[in-house]
Amino acid sequence: AREQLTMRQFYCFR
Amino acid sequence: MLELRLVQGSLLKKVLESIKDLVNDANFDCSATGFSLQAMDSSHVALVALLLRSEGFEHYRCDRNISMGMNLGNMAKMLKCAGNDDIITLKADDGSDTVTFMFESPTQDKIADFEMRLMDIDSEHLGIPEAEYHAILIMPSAEFARICKDLSSIGDTVVISVTKEGVKFSTRGDIGTANVVCRQNTTVDKPEEATVIEMPEPVSLTFALRYLNSFTKATPLSNTVTISLSSEIPVVVEYKIAEMGYIRFYLAPKIEE
């Protein structure tokens with residue numbers, strides 16, 4: 001299976 | 001005081017149809033530069049960024065920066081009541097907790113007012129740096145929608161691989177496998193039918209098809225779609241909105257355990 005990443009793992013709140 | 005008058009009201013109708021099922025509630029930010037939105041779906045796997053620049057409105061009055069929280073399903077219900085050729089004006093008084101959508105028929109013989117309560121939505125925005133992408137794919141939006149729809153009947157994830165031969169969409173499921181290869185094709189009579197691949201370097205990423213299918217609800221907004229890929233970062237699926245701006249969908253990849 002492949003793990004679904006989230007946007008928060010790439011970009012942080014500004 | 002906020003008053004935005006969009007002669008091509010159908011654009012706003014189409015925008016809502018393309019995001020209402022992905023995001024429930026969102027803040028619309030209005031400033032002198034334009035009308036924008038950034039919101040994630042409930043699982044934070046996908047993000048939508050909308051920009052309608054102020055120059056694209058026939059009349060754009062925004063006395064001060066304002067953020068209006070709206071339930072997108074309710075907003076879509078109200079916009080469904082606008083005719084495709086209607087002029088749509090969005091109005092909100094300072095400090096008011098409602099927003100008014102006004103629909104004017106082209107011959108000005110019918111004017112409708114819909115008022116919706118605003119919501120308090122505390123949403124921070126993600127900082128998404130402009131990035132250089134390893135592969136940029138420009139193709140007919142209907143083509144991309146067709147591929148996502150077809151592949152999702154076979155499997156629930158798609159591997160998108162870009163090489164100098166072209167772009168390959170692959171999936172597999174219980175009933176079998178499917179591969180769709182699109183080659184660069186610029187010898188078409190209409191530019192919007194071209195498939196262009198700018199690929200400084202090969203890339204291959206895996207995504208959940210249900211999000212890509214949700215993004216393709218924006219197909220009516222533009223004849224072409226731009227898909228930007230880089231290893232290890234979210235894909236960007238962008239539909240331009242006729243000289244006004246764009247709607248961009250970001251989707252985080254799936255990786256090997």
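Note on naming: letters A, B, ... go to the chains in the order of the sequence lines (proteins, then strands), and numbering restarts at 1 for each one. Both backbone and side-chain heavy atoms feed into the values below; hydrogens, waters and symmetry mates do not.
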Heavy-atom count check: over 12 atoms from other residues, nucleotides or ligands less than 6.0 Å from [X] [atom1]?
{"X": "B/Glu232", "atom1": "CD", "value": "no"}
{"X": "B/Arg146", "atom1": "CZ", "value": "no"}
{"X": "B/Asp120", "atom1": "CG", "value": "no"}

Exercise for the section: Please answer whether the main-chain N or O of B/Ser67 pairs with a side-chain N or O of B/Asn27 as donor and acceptor at a distance below 3.5 Å. Expected result: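 Between the backbone of B/Ser67 and the side chain of B/Asn27 there is no qualifying donor-acceptor contact (under 3.5 Å).
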
Exercise for the section: Write out, in numerical order, the residues from residues 11-20 of chain B with a heavy atom short of 4.5 Å from a heavy atom in chain A. Expected result: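 Under the 4.5 Å heavy-atom cut-off, nothing qualifies.
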
Practice task
Could you list which of residues 166-177 of chain B have a heavy atom closer than 4.5 Å to any heavy atom of chain A, in residue-number order?
Solution key: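 Within residues 166-177 of chain B, no residue comes under 4.5 Å of chain A, counting heavy atoms only.
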
Handout entry: Listed partners of B/Ser152 passing side-chain hydrogen bond (donor to acceptor under 3.5 Å, both in side chains), at least two apart
Key =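 With neighbours one apart ignored, the set is B/Asn213.
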
Problem - Distance, nearest 0.5 Å, that separates CD of B/Glu238 from OH of B/Tyr250 - result: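 The CD atom of B/Glu238 sits 7.5 Å away from the OH atom of B/Tyr250.
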
Problem - Lys/Arg N to Asp/Glu carboxylate O, B/Lys254 vs A/Glu3, below 4.0 Å - result: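 Looking at B/Lys254 and A/Glu3, the cut-off is not met.
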
Exercise for the section: Below 4.5 Å from any heavy atom of chain A, which atoms of B/Ser43 appear? Answer side chain, backbone, both or neither. Expected result: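 Only the backbone of B/Ser43 comes within 4.5 Å of chain A.
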
Exercise for the section: Applying side-chain contact (heavy atoms from CB on, under 4.5 Å), run through B/Ile241 and B/Leu50 and close with a yes or a no. Expected result: CA-CA 9 Å; B/Ile241 299 176; B/Leu50 164 75; 3.8 Å; yes

Handout entry: Interchain contact, A/Phe13 with chain B, by part (heavy-atom threshold 4.5 Å)
Key =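 Its backbone and side chain both get close to chain B.
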
Donor-acceptor pairs under 3.5 angstrom involving side-chain atoms of residues 124-131 of chain B: please list them, not counting sequence neighbours.
from, atom 1, to, atom 2, distance (Å)
B/His125, ND1, A/Arg14, NH2, 3.1
B/His125, NE2, B/Asp29, OD2, 3.3

Practice task
Just say parallel, tilted or perpendicular for the rings of B/Phe35 and B/Phe28, cut-offs at 30° and 60°.
Solution key: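 Ring orientation of B/Phe35 relative to B/Phe28: parallel.
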
